[in-house]
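Computed from a predicted model, the values in this text were never measured in an experiment. Proteins get letters first, then strands, A, B, ... in listed order; numbering begins at 1 in each.
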There are 2 protein chains.
Amino acid sequence: MKTTRNTAAKTAVLEIFGKSKTALSHTEIQKELNDLCDRVTTYRILDRLVNDDIVHKIVNLDGTVKYAKCHHHAQRVHIHNHAHFSCEKCLEVTCLENVKPSYILPHNYKVNDINFTLSGLCPKCFNSNI
Amino acid sequence: MKTTRNTAAKTAVLEIFGKSKTALSHTEIQKELNDLCDRVTTYRILDRLVNDDIVHKIVNLDGTVKYAKCHHHAQRVHIHNHAHFSCEKCLEVTCLENVKPSYILPHNYKVNDINFTLSGLCPKCFNSNI
DNA sequence: AATATTAACGCAACAATGTTGCAATTGATT
DNA sequence: AATCAATTGCAACATTGTTGCGTTAATATT
């Protein structure tokens, strides 16, 4: 059985996620880490966190990838079916944990994963835009 | 006013889209073109087609980008709110034009674009998997 | 506390994807 | 046919992510 270790870098990454209210890209995390570790290491840490269901990966409409901490540890079936909102102005990506899409699929499709990302103006930018 | 021109490369790209039932990546299109034009040109053609609402861009869960022809020319409000299905086995991405997600959003969010992609097994692979 | 095991790391090198500037080409208009 | 500017090719670059391998260090074992 493969055991997972707590390293300085991993701890630092988790701390960054803890502080952040928005999803973060690899580059943002790397910057925040102030090059505490190599960028390859950061990639590998993120991979592990995703694999361990501690963090989930969000692919934006523009193709950029961000990561956010999971807030549903107790769930059995682990599927990230909540919506994500990507603001075109401030470029922040946030989880909308309570927004879940409902849809009707034709027969014989088996869904394993979902990406539901909305793009537009977040409340902050929406209001400052009036 | 900027006018758009019909070039050999653009015509060829449109022909490829016409023949294909699935969404295509830049690389796939380039291969299909048999290097009729430079890959940069293909990128620019795709950009223009997306801008002219002739083609829409689909970002997959794994971050790969594909393009598909639009089938709703008559619509006024042009938003690609239908689902896309990405098969984990055959790697094909298809439009599910009739599958549209319904969801309830908190106030003060303005949605301009949607990415709703489902990943799993398509009917073809689902059946051959039994 | 010392040692062993191996997960995790750093570094270098590579690969894929996408972008930009600029001179040359070519489609459309007059 | 001449003109205008949209489009192209090419070279160069940027970003993002991956891989191999020798080294380091976290955890378990003695």
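Of the N and O atoms on the side chains of A:N98 and A:K100, not one donor lies less than 3.5 Å from an acceptor on the other residue.
One atom, NZ of A:K66, and another, C1' of D:dG17, lie 17 Å apart when rounded to the nearest Å. Taking atom CG of B:D62 as the reference point, atom P of D:dT16 lies 17 Å away to the nearest angstrom. To the nearest angstrom, P of C:dA8 lies 7 Å from NZ of A:K10.
In this structure, B:I54 and B:F17 have side chains that are not in contact, with every pair of non-hydrogen atoms separated by 4.5 Å or more. Between A:T11 and A:L14, the closest side-chain pair of non-hydrogen atoms is not below 4.5 Å. For the pair B:Y109/A:L96, a side-chain contact is recorded, criterion being any heavy-atom separation below 4.5 Å from C-beta on.
Applying the salt bridge (Lys or Arg N to Asp or Glu O under 4.0 Å) rule to pairs touching residues 13-35 of chain A yields A:E28-A:K66, sequence neighbours excluded. Pairs of residues two or more places apart, or lying in two chains, that qualify as ring-ring contact (aromatic ring centres under 6.0 Å, His included) and include a residue from residues 20-55 of chain A are A:H26-A:Y43.
The side-chain hydrogen bond (donor to acceptor under 3.5 Å, both in side chains) check on A:T42 picks up A:Q30, with sequence neighbours excluded. With sequence neighbours excluded, no residue satisfies side-chain hydrogen bond (donor to acceptor under 3.5 Å, both in side chains) with A:T7. Considering only residues two or more places apart in sequence or on other chains, B:T4 meets the side-chain hydrogen bond (donor to acceptor under 3.5 Å, both in side chains) condition with B:K10.
Residue A:V40 shares its hydrophobic cluster (ILVMFWY side chains chained together at separations under 4.5 Å) with no other residue. In the hydrophobic clustering, A:I58 connects to A:V93, either directly or through intervening members, whenever side-chain heavy atoms lie under 4.5 Å apart.
Within residues 34-50 of chain B, the residues that place at least one heavy atom under 4.0 Å from DNA chain D are, in residue-number order, B:L36, B:C37, B:D38, B:V40, B:T41, B:R44, B:I45, B:R48. Near DNA chain C, defined here as any heavy-atom distance below 4.0 Å, there are no residues from residues 16-28 of chain A.
Direction of the helix axis in the helix from C:dA1-D:dT30 to C:dT30-D:dA1 shifts by 30° between the two five-pair termini, rounded to 10°.
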> Quick one: what's the B/S/- string for nucleotides 24-30 of chain C, heavy-atom cutoff under 4.0 Å, read 5' to 3'?
Replying inline: --BBS--

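We find the OG-OH distance between B:S25 and B:Y67 to be 9.0 Å, quoted to the nearest 0.5 Å.
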Less than 3.5 Å apart, which donor and acceptor atoms pair up between the side chains of residues 115-123 of chain A and the rest of the protein, not counting sequence neighbours?
unit_1 : atom_1 : unit_2 : atom_2 : d
A:N115 : OD1    : A:T117 : OG1    : 2.8
A:N115 : ND2    : A:V59  : O      : 3.1
A:S119 : OG     : A:E88  : OE2    : 3.3

